[in-house]
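Just so it is clear: chains get the letters A, B, ... in the order the sequence lines come, proteins before strands, and each one is counted from 1.
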Amino acid sequence: MKNRLVAQLFEEIADLLEIKGENPFKARSYRRAAQAMEALTRDVEELAAQGALLEIPGVGEALEGKIREIVATGTCRYLEDLRRSVPPTLLELLALPGVGPKTVATLYSTLGVQCLADLEVAAREGRLREVRGLGAKKEQAILEGLRMAKTRAERAPLGSVLPLALELMESLKQVPGVLKLSLAGSLRRCRETVRDIDLVAASDSPQELMAAFTSHPLVAEVLSQGDTRSSVRLHGGRQCDLRVVGEEEFPAALMYLTGSKEHNIRLRERARARGLKLNEYGLFREEDGARLDAGAEEEIYRLLGLPFITPELREDAGELEAAEAGRLPPLIAAEGVLGDLHVHSAWSDGVDTLETLAEAARARGYRYLAICDHSRSLTVARGLSPERVWAQWEEIEGLNRRWQDFRLLRGTEVDILKDGSLDHPADLLRAADVVVGSVHSHFRLDPEAMTARVVRALSSGLLDILGHPTGRILGYREPYALDLEAVIRAAAQAGASLEINASADRLDLKDADARRAREAGVLLALGTDAHSQAGLYDMALGVGVARRAWLGPQDLLNSWPAGRLVETLRSRRKGQAGP
DNA sequence: GCCGTTTTCGGCCCGACTGTTTTCAGTCG
């Protein structure tokens, strides 16, 4: 897969073009194509081989040639020429807040600034304020930005930011005059990581809300403050923006602030083509400026000739084309998840009893919960021997007599050992209700060995679900070196599912990979990997990933009733000798 | 550099806020 590489090089070209002050629309073309490349569910090399690159939206003849060149050589001459004409270290400067391409160009041409270190020296010596268009404040802001860059809050996992956002929102809802308040931005779109928190409100007394916001105890610093928009930095470094509008304007404001930017641009272009104008205040007729009434986002989409597009899909990743053609998929919803397929109990490294977990699951409305404790090789997690698994399953049988409408599933999370064999005997695995298999050791195998290991485990026919398939931990551990395409093919071949591990720090598979897996005919399975009853709440994050992956009920094991689920999985495993 | 209900050239999303200006450019979302 060279999709990411092509995207990165196109982004770099766009940055360099902007710094050079060339036609901004040309830069935008490269950016759009980079976006399209990231969103592509197919391998760009494959498309190149088939001569199908022009089908990618935003790719014309010129970019087609450059993609071919990058796929073949890893770079392209056009970019190499640009790098020679502009010091590529200038790109570092764009990361500073308040510094864009024009400022970078000015700094370079007037002061000879080529990199962050040059800039810091110039700013300290007070030379920035001498430059026309800059000033003392800008100089201060840049010094501050340089300082912050060293400790800056980068993108953080969705699950770690969401509680903070909800806390802030709950308290702002209490401010008099607030009519509506919603999350927006990448949080609302359920992106796996978020940079900042976007809130949008409708209020009768905006000043009061703004005052409450900027003086909130969670706020460390006010970055900008206006009548309709303010930005703050919260304690801990995360930025939060609040936009306040009138009630009538709320749907358009919510839509605009939810983004993504690319999705918005496409919608505005669409509005223009229909003699309309879309901005954050509403949808208007171009000719007389008259507002078209819209009480909700759904109405705005309808007025643009589209069905409602759910926030999770708003990435300009084909959702507008699908909406236009009436081919938006039905998406899984929280209520459609009948059970959690990966949970740990106190039998291994969890903290809660089977009974506690079962009651917590029943309280969530689940019909089943799969208890999948670790196997014996994972000694740090007090992994279970086969004998202990049998004993646990007996307890489960006993508990299950209590409920008519709910069932604990007798599962295991069996370790996939270094050579791809499984850490439990085949007869035990054949007898289980659900078998999750995961890699928990020897993370640093070379890609061929790691891929062979996982493929062998899948090919055993004894795995129902490959747990956290890439092993990544957000912000902490990169995915294992692994040929995911080969793993997806092996899962399809074996009729096994891939997990969307919903744990806040995993979200593995991620959205784009889950979408690819589905397109290869693989079913997905949602599991929180919870180690306590509180962990069951992470299912909301997993549902977000599944929706962003365009998955519907038909694509997820969790939408099957317990009876069908267990029968199907067990009959598949029956007669398999194992690895 | 792309693209077509503006259709092969001439457009390309739109507005808030800041800082440096004295009417606006740059940045950001």
Could you check whether the rings of A:Tyr30 and A:Phe10 sit parallel, tilted or perpendicular, using 30° and 60° as the cut-offs? perpendicular
Looking at A:Thr228, I'd like to know whether one of its side-chain N or O atoms comes within less than 4.0 Å of OP1 or OP2 on B:dC17. yes
How is A:Pro101 classified with respect to the nucleic acid when contacts are heavy atoms under 4.0 Å: base, sugar-phosphate, or nothing? sugar-phosphate
Length of the line joining A:Gln140:CD and B:dT18:C1', which is rounded to integer Å: 15 Å
Side chain of A:Arg272 - closest among B:dA16, B:dC13, B:dC2: B:dC13
Base, sugar-phosphate or nothing for A:Ala253? Non-hydrogen atoms, less than 4.0 Å. nothing
Going through the distances and angles, do A:Arg291 and A:Glu248 end up as a salt bridge (charged side-chain N to carboxylate O under 4.0 Å, His left out)? CA-CA 10 Å; A:Arg291 164 191 293 277; A:Glu248 179 177 51; 3.6 Å; yes
How do A:Asn279 and A:Gly135 order along DNA chain B: which one's closest nucleotide is nearer the 5' end? A:Asn279
Winner on side-chain proximity to A:Ala273, out of B:dG26, B:dT6, B:dC2, is B:dT6
Integer-rounded Å distance: B:dG15 P and A:Leu278 CG: 10 Å
Do A:Tyr256 and B:dG29 share a donor-acceptor pair, side chain to base, under 3.5 Å? yes
Sugar-phosphate, base or nothing in reach of A:Ile265, heavy atoms under 4.0 Å: base
In whole angstrom, what separates A:Glu61's CD from B:dC3's C1'? 13 Å
Rounded to whole angstrom units, what separation is found between the CD1 atom of A:Ile19 and the P atom of B:dG26? 14 Å
With a 4.0 Å cut-off on heavy atoms, is A:Asn264 in touch with a base, just the backbone sugar-phosphate, or nothing at all? nothing
Does this structure show an ion pair linking A:Arg68 with A:Glu64, if we count only N-O contacts that are shorter than 4.0 Å? yes
Same-atom distance (P) from B:dC14 to B:dT6, integer angstrom: 14 Å
C1' gap between B:dT18 and B:dG10, integer Å: 33 Å
Under 4.0 angstrom, heavy atoms only, what part of the nucleic acid is A:Thr103 near: base, sugar-phosphate, or nothing? sugar-phosphate
Within the 4.0 Å heavy-atom criterion, would you say A:Leu267 contacts the bases, only the backbone, or no part of the nucleic acid? nothing
Distance between P atoms of B:dC28 and B:dT20 (Å, rounded): 15 Å
Between B:dG26 and B:dT21, how far is it from one C1' atom to the other, in whole Å? 12 Å
Closest listed nucleotide, where the reference is the side chain of A:Tyr281 and the choices are B:dG1, B:dC13, B:dG15: B:dG15
For A:His263 and A:Glu319: C-alpha separation, side-chain torsions, deciding distance, then whether side-chain hydrogen bond (donor to acceptor under 3.5 Å, both in side chains) applies. CA-CA 9 Å; A:His263 181 87; A:Glu319 75 279 8; 2.8 Å; yes
B:dT22 versus B:dG15 - spacing of their C1' atoms, nearest Å: 22 Å
What is the separation between atom CD1 on A:Ile142 and atom P on B:dG26, rounded to the nearest whole Å? 14 Å
Using the C1' atom as the reference point in each nucleotide, state the distance between B:dC13 and B:dC3 in Å, no decimals. 16 Å
Check each of A:Arg28, A:Lys102, A:Arg31, A:Lys26 against A:Glu18 using the salt bridge (charged side-chain N to carboxylate O under 4.0 Å, His left out) test, and report the only one that passes. A:Arg31
Go through B:dG15, B:dG29, B:dG19 for me and flag the one nearest to the A:Glu280 side chain. B:dG15
Closest approach to the side chain of A:Ala62, judged atom by atom: which nucleotide of B:dG1, B:dT27, B:dC17 is it? B:dG1
In terms of side-chain heavy atoms of A:Arg28, which of B:dA16, B:dT20, B:dC12 is nearest? B:dC12
B:dC12 and B:dG19: how far apart are their C1' atoms, nearest whole angstrom? 28 Å
Categorize A:Leu134 for me: base, sugar-phosphate, or nothing, with a 4.0 angstrom heavy-atom threshold over every strand shown. sugar-phosphate
Quickly work out the A:Arg268 CZ to B:dG11 P distance and round it to whole Å. 21 Å
Do A:Asp241 side-chain and B:dG29 base share a donor-acceptor contact under 3.5 Å? no
Which nucleotide in B:dG1, B:dC17, B:dG19 has an atom nearest any side-chain atom of A:Leu63: B:dG1
From CG of A:Leu257 over to P of B:dC28, roughly how many Å is that when rounded to an integer? 17 Å
Are A:Glu38 and A:Arg4 ion-paired here, with the side-chain N under 4.0 Å from a carboxylate O? yes
On the nucleotide B:dC13, are OP1 or OP2 found under 4.0 Å from the side-chain N or O atoms that A:Arg270 carries? no
Of the listed B:dC14, B:dC13, B:dA16, the closest approach to the A:Lys277 side chain comes from B:dC14
If pairing means Watson-Crick or G-U wobble with both distances under 3.5 Å, then the partner of B:dG4 is B:dC9
Closest heavy-atom contact between A:Leu187 and A:Ala165? CD1-CB, 3.6 Å
Do other residues, nucleotides or ligands put more than 12 heavy atoms under 6.0 Å from A:Tyr537 OH? no
Toward the 5' end of DNA chain B, which comes first, A:Gln225 or A:Leu54, by nearest nucleotide? A:Leu54
Check every atom of B:dT27, B:dA16, B:dC12 against the side chain of A:Arg243 and return the nucleotide holding the closest atom. B:dA16
Can you check the A:Arg32 CZ to B:dG1 C1' distance for me, whole Å? 11 Å
Look at all strands and tell whether A:Lys261 reaches a base, only sugar-phosphate, or nothing, counting heavy atoms closer than 4.0 Å. base
State which of B:dG1, B:dG19, B:dG15 makes the closest approach to the side chain of A:Ser29. B:dG1
